[in-house]
Q: 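Let me begin by handing over the structure; questions about it come next.
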2 protein chains.
Amino acid sequence: MAVYGGIEAGGTKFVCAVASNKDDFRDEIRFPTTTPDETLSQAIDFFQKHHAREPLAAIGVACFGPVDPNPASPTFGYITTTPKPHWAHTDVVGRLKATLHLPVGFDTDVNGAALGEHRWGAAQGLDTFVYLTIGTGLGGGAMVNGRMLHGLMHAEMGHMRIPHDLTRDPYPGWCSYHGDCWEGLAAGPAIEGRWQTKGQNLPVDHPAWALEAHYLALGVANIIVTLSPQRIIMGGGVMDQQQIFPMLRQEVQRLLNGYVQKPEIMDAIDAYIVPPALGNRAGVLGAIALAQDAAR
Amino acid sequence: MAVYGGIEAGGTKFVCAVASNKDDFRDEIRFPTTTPDETLSQAIDFFQKHHAREPLAAIGVACFGPVDPNPASPTFGYITTTPKPHWAHTDVVGRLKATLHLPVGFDTDVNGAALGEHRWGAAQGLDTFVYLTIGTGLGGGAMVNGRMLHGLMHAEMGHMRIPHDLTRDPYPGWCSYHGDCWEGLAAGPAIEGRWQTKGQNLPVDHPAWALEAHYLALGVANIIVTLSPQRIIMGGGVMDQQQIFPMLRQEVQRLLNGYVQKPEIMDAIDAYIVPPALGNRAGVLGAIALAQDAAR
């Protein structure tokens with residue numbers, strides 16, 4: 001059975017794992033994201049040691065961004081214009097290939113997690129769906145007709161504009177590019193900025209959650225009419241507040257107002273807007289899935 | 001050279017044509033959309049007469065909706081829940097097949113027009129792009145990774161929610177489902193409702209057009225961050241007001257504010273947001289393209 005290396009390359013930590021599939025993890029390591037030299041060297045060292053014992057078929061990287069995921073581009077596999085110090089224009093795939101001499105699959109963190117959910121989780125059997133993560137940021141990945149969506153670059157769904165309900169929410173939004181875009185109003189830092197405490201300190205019946213459900217529903221409804229997904233998977237730290245899900249589903253139905261006449265939305269929305277099935281291993285399992293595809 | 005039949009099935013008129021490709025139209029007829037019996041019979045009669053002289057390889061239908069474009073569905077080829085009298089639950093493909101005994105390709109009007117622009121127009125060589133029409137309604141079709149987007153149903157991009165600038169625009173929007181959704185604020189009837197006259201009566205320097213460009217830009221920016229298209233083609237009666245294009249492009253850049261660092265948007269947006277290349281034959285040429293695909 002072929003064994004793969006996966007890197008969940010996050011802005012605050014890297015998770016590296018060796019696995020043959022979802023239920024067969026051979027090794028795993030986590031360390032903070034510092035400089036590219038130090039952090040990528042740690043990842044390479046981990047895989048080289050494992051590779052010496054048990055050969056790896058390929059490496060997959062689900063990477064924070066923005067990135068260049070276009071294999072035809074001269075900067076394929078780079079982190080491009082990130083504001084994160086030291087990481088702009090880092091050739092992630094090039095460094096891994098030059099040292100490990102293995103095929104390397106590469107995509108955004110959210111596309112990776114989406115691919116993992118498609119292979120082993122809540123999106124099995126679908127061909128068009130969206131994976132959203134709502135935490136310190138708000139990002140989305142999509143599969144359309146069985147292949148990951150890239151297009152011009154990759155989706156940056158957190159930066160869509162939604163109506164800002166200024167009558168009940170004077171909070172201006174925190175996005176440094178757009179102020180009150182979707183991420184600016186609905187990601188974790190917006191909850192903390194608006195209520196002056198972290199979300200996990202707010203009781204489950206606090207009005208923060210109805211407002212959060214409203215903003216999340218606006219973006220979700222926009223995704224439904226734009227991408228027409230067969231399911232929407234929503235994870236990340238904010239969605240650990242499970243009281244959001246029923247309010248969010250109801251608000252999506254209210255906003256669509258019967259316009260999309262499909263039973264998935266009208267009758268069975270509990271199975272349409274769902275949490276991830278892979279829990280906190282979604283990211284690194286997505287990287288393993290990218291490695292499997294790269295080995296093919 | 002194979003010859004195809006195409007139907008641009010609109011809510012107010014049908015255009016039927018016979019052609020082998022964009023530059024070889026053999027026959028064309030236009031008639032108003034009345035009842036399904038009468039209108040589809042006229043179309044069938046037109047194709048039967050031509051078929052007796054010169055056999056057709058297939059028929060394509062680019063159809064007003066909502067429709068069911070999923071070939072695996074029992075209601076494939078139906079107009080589904082349209083409010084248009086007599087047309088709800090009409091089996092368009094079934095009637096054509098039963099009388100013409102030919103393969104029938106079928107998609108939404110906007111997906112058809114998008115496919116036509118891909119084959120012969122402004123989207124040649126791309127694999128992920130969006131076609132928008134802004135007229136009496138606002139609709140969008142998309143190709144992703146070389147195939148038309150359908151997903152759960154099909155896109156209904158006109159119904160996304162965008163920020164409504166109530167400080168300079170008290171007009172409430174006209175969408176009967178959502179009030180001030182994108183279509184409710186930016187399609188032709190919104191211009192007429194807001195300024196109490198049709199758009200074609202407003203001078204090119206009227207403030208209506210800057211506001212129109214602003215609303216269109218909000219939806220276009222949302223599509224850019226959600227679908228990451230390589231190009232956006234914008235047609236329809238409202239876009240015949242060509243003064244909108246420069247204002248719209250500038251407003252999209254202002255809204256994105258440098259977040260999507262791609263030369264297509266930062267430097268060459270004139271070639272990124274463009275009018276259709278096929279003019280008023282885009283719809284029926286899209287139907288011909290659907291027929292070509294159905295014949296394969």
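Proteins come first, then strands; the chains are lettered A, B, ... in the order of their sequence lines, and each starts at number 1.
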Q: What residues of residues 244-262 of chain A sit under 4.5 Å from chain B when only non-hydrogen atoms are counted?
A: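 Residues in range: A/L255, A/L256, A/N257, A/G258, A/Y259, A/V260, A/Q261, A/K262.
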Q: Would you mind telling me which of B/H164, B/R231, B/E264 has the largest number of heavy-atom pairs within less than 4.5 Å of chain A?
A: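 Going by pairs under 4.5 Å, I would pick B/E264.
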Q: Please state whether the side chain, the backbone, both or neither of A/F129 comes within less than 4.5 Å of a heavy atom of chain B.
A: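 No part of A/F129 comes within 4.5 Å of chain B.
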Q: I'd like to know which of B/L227, B/D127, B/N222 tops the heavy-atom pair count under 4.5 Å against chain A.
A: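 The residue among B/L227, B/D127, B/N222 with the greatest pair count is B/N222.
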Q: What are the residues of residues 134-145 of chain A, in order of number, with any heavy atom under 4.5 angstrom from a heavy atom of chain B?
A: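 Only A/V144, A/N145 of residues 134-145 of chain A have a heavy atom under 4.5 Å from chain B.
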Q: May I ask you to list the residues in residues 146-161 of chain B that approach chain A closer than 4.5 angstrom, counting heavy atoms only, ordered by number?
A: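 Expected list: B/R147, B/M148, B/L149, B/H150, B/G151, B/L152, B/M153, B/H154, B/A155, B/E156, B/M157, B/H159, B/M160, B/R161.
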Q: Side chain, backbone, both or neither: which part of A/L218 has an atom under 4.5 Å from a heavy atom of chain B?
A: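 For A/L218, the side chain is the part near chain B, not the backbone.
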Q: Using a cut-off of under 4.5 Å on heavy-atom pairs, state which of B/C181, B/P229, B/P163, B/G219 scores highest against chain A.
A: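 That would be B/P163.
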Q: Do any of residues 64-81 of chain B come closer than 4.5 Å to chain A, heavy atom to heavy atom, and if so which ones, in number order?
A: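 B/T81 fall under the 4.5 Å cut-off.
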Q: Can you tell me which portion of A/S228 sits under 4.5 Å from chain B's heavy atoms? Options are side chain, backbone, both or neither.
A: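 Interface part for A/S228: both.
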Q: Which one wins on heavy-atom pair count under 4.5 Å against chain B: A/D180, A/T226, A/I224?
A: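 Option with the top pair count is A/T226.
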